[in-house]
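So the structure is just underneath, and the comments pick up after that.
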Amino acid sequence: MSRRCALVPWALLALLGLAAAQEDESCCGPIVPKREWGAQASECTDDLKQPVRYVVVSHTAGSVCNTPALCRQQAQNVQHYHKQTLGFCDVGYNFLIGEDGLVYEGRGWTVKGAHAGKSWNAISIGITFMGNYMERTPPPRAIRAAKSLLACGVAKGVLHPNYEVKGHRDVQRTLSPGDQLYEIIQTWPRHRV
């Protein structure tokens with residue numbers, strides 16, 4: 001991405017009040033850090049062995065968030081449910097994708113998630129799309145954000161260059177990531193059942 005192209009998203013983020021979103025040295029797109037979306041402190045201690053070979057894509061099956069304000073609230077809601085109701089040490093996902101086209105930091109690249117069952121959590125990054133995608137598709141900007149995040153993971157060396165994408169339903173008995181989103185990820189070159 002050219003320096004000029006990189007400035008456009010930063011200007012937009014500044015206007016939206018997300019100026020703290022960070023773009024790393026590998027030319028990855030901006031990721032909204034936990035402190036910016038008002039996350040509770042994490043109590044997680046288990047590291048994720050890298051490079052990670054698998055990515056598990058899910059959906060929250062919750063409310064749509066298509067603005068930064070709504071997505072911040074939705075990320076907080078998901079984290080609250082995971083910590084207070086399920087007893088997790090943090091939000092279960094490594095990253096959350098908003099319909100606003102932004103990536104929200106969950107546990108990040110280095111901490112083991114709680115998103116796909118014991119055996120898969122230890123060997124995968126969990127990316128969830130905030131919303132319910134049984135009967136509707138995420139907007140193109142959300143899909144682009146997820147693909148950019150995956151390219152970022154490879155560029156940073158935290159995702160294996162030959163990583164595989166799995167739908168949540170490929171690794172557990174669930175309808176996640178929803179029929180419509182699952183159809184989309186099945187077209188991604190790295191999707192494997």
Side-chain angles (χ1 to χ4, degrees), residues 16 18 21 29-44 48 52 54-109 111-118 120-121 124-150 152-153 165-186 188 191:
L16 297 173
L18 296 173
I31 296 174
V32 181
K34 292 174 79 172
R35 70 180 176 280
E36 186 66 25
W37 60 261
Q40 302 170 34
S42 176
E43 299 163 7
C44 298
L48 188 58
V52 179
Y54 301 98
V55 175
V56 177
V57 177
S58 63
H59 73 161
T60 61
S63 300
V64 171
C65 75
N66 53 17
T67 68
L70 289 174
C71 289
R72 282 193 303 263
Q73 183 62 55
Q74 189 64 10
Q76 290 172 3
N77 293 347
V78 172
Q79 186 191 41
H80 182 268
Y81 174 71
H82 284 186
K83 287 188 78 173
Q84 269 43 51
T85 303
L86 300 180
F88 291 179
C89 59
D90 197 353
V91 63
Y93 311 108
N94 298 89
F95 296 97
L96 302 92
I97 309 293
E99 286 197 3
D100 59 355
L102 295 174
V103 176
Y104 292 80
E105 178 187 28
R107 295 189 185 194
W109 295 114
V111 178
K112 184 173 84 171
H115 53 85
K118 197 171 190 173
W120 284 96
N121 291 339
S124 66
I125 290 286
I127 297 174
T128 196
F129 283 73
M130 293 187 278
N132 187 326
Y133 301 105
M134 285 301 294
E135 297 179 7
R136 55 187 287 279
T137 60
R141 65 182 174 231
I143 300 297
R144 282 191 303 272
K147 288 180 174 181
S148 175
L149 179 67
L150 298 178
C152 173
V165 172
K166 305 274 188 190
H168 192 187
R169 63 179 61 178
D170 294 328
V171 301
Q172 281 191 310
R173 290 183 62 94
T174 179
L175 295 175
S176 179
D179 293 345
Q180 300 304 310
L181 179 54
Y182 190 66
E183 274 189 35
I184 291 170
I185 67 168
Q186 285 180 300
W188 294 1
H191 177 263

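Inter-residue side-chain proximity for P177 and Y133 is flagged as unmet; no heavy-atom pair is nearer than 4.5 Å. Within the 4.5 Å cutoff, no side-chain heavy atoms of Q172 are placed close to those of W120. Taking 4.5 Å as the limit, some side-chain heavy atom of L150 sits within range of a side-chain heavy atom of W188. M130 has its side chain within reach of C71: a pair of non-hydrogen atoms, C-beta onward, lies under 4.5 Å apart. No side-chain heavy atom of L70 sits under 4.5 Å from any side-chain heavy atom of V64. Looking at heavy atoms from C-beta onward, V103 lies in side-chain contact with I97 at the 4.5 angstrom threshold.
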(request) Walk me through it: do Y104 and Q74 pass the test side chain to side chain contact (heavy atoms under 4.5 Å, CB included)? (result) CA-CA 10 Å; Y104 292 80; Q74 189 64 10; over 6 Å; no

(request) Evaluate side chain to side chain contact (heavy atoms under 4.5 Å, CB included) for V171 paired with Y54, printing each intermediate quantity in order. (result) CA-CA 11 Å; V171 301; Y54 301 98; over 6 Å; no

(request) Show the numbers, then the answer: is there a side chain to side chain contact (heavy atoms under 4.5 Å, CB included) between L149 and I31? (result) CA-CA 9 Å; L149 179 67; I31 296 174; 3.9 Å; yes

(message) If you apply the rule side chain to side chain contact (heavy atoms under 4.5 Å, CB included), what do you find for W109 with N94, and how did you get there?
(response) CA-CA 7 Å; W109 295 114; N94 298 89; over 6 Å; no

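Between D170 atom CG and I185 atom CD1 the span is 6.5 Å, to the nearest 0.5 Å. With rounding to the nearest 0.5 Å, the separation of CZ in F129 from CD in Q180 is 13.5 Å. From Q73, atom CD reaches atom CH2 of W37 across 10.5 Å, with rounding to the nearest 0.5 Å. Of the inter-residue distances, the one linking H115 atom NE2 with I127 atom CD1 reads 9.0 Å to the nearest 0.5 angstrom. Put simply, CZ on R72 and CD on E36 are 6.5 Å apart, with the number rounded to the nearest 0.5 Å. Here the CD atom belonging to Q40 is positioned 5.0 Å from the CD atom belonging to Q84, to the nearest 0.5 angstrom.
Considering every non-hydrogen atom in both S58 and L181, the closest pair reads O-CD2, 4.0 Å. Scanning both residues, S124 and V52, for their nearest heavy atoms gives CA-CG1, 3.5 Å. When all heavy atoms of C44 and V111 are compared, the closest pair comes out as CB-CG1, 3.7 Å. Contact detail for T128 and T60: the closest heavy-atom pair is OG1-N, 3.4 Å. The nearest pair of heavy atoms linking R169 to D179 is NH2-OD1, 3.0 Å. The minimum heavy-atom distance between N132 and M134, with the atom names listed, is OD1-N, 3.0 Å.
Contacts classified as salt bridge (charged side-chain N to carboxylate O under 4.0 Å, His left out) and involving residues 129-148 (residues at least two apart or in different chains) are given here: E99-R136.
Without hydrogens or angle criteria, E105 side chain to K34 main chain gives a donor-acceptor distance under 3.5 Å.
Classification of the H191-Y182 ring pair by plane angle, with boundaries at 30° and 60°, yields perpendicular. Ring planes of Y93 and H82: tilted class, angle from 30 to 60°.
Between D90 and K112, none of the side-chain N atoms (NZ, or NE/NH1/NH2) sits under 4.0 Å from a carboxylate O, so this pair counts as no salt bridge.
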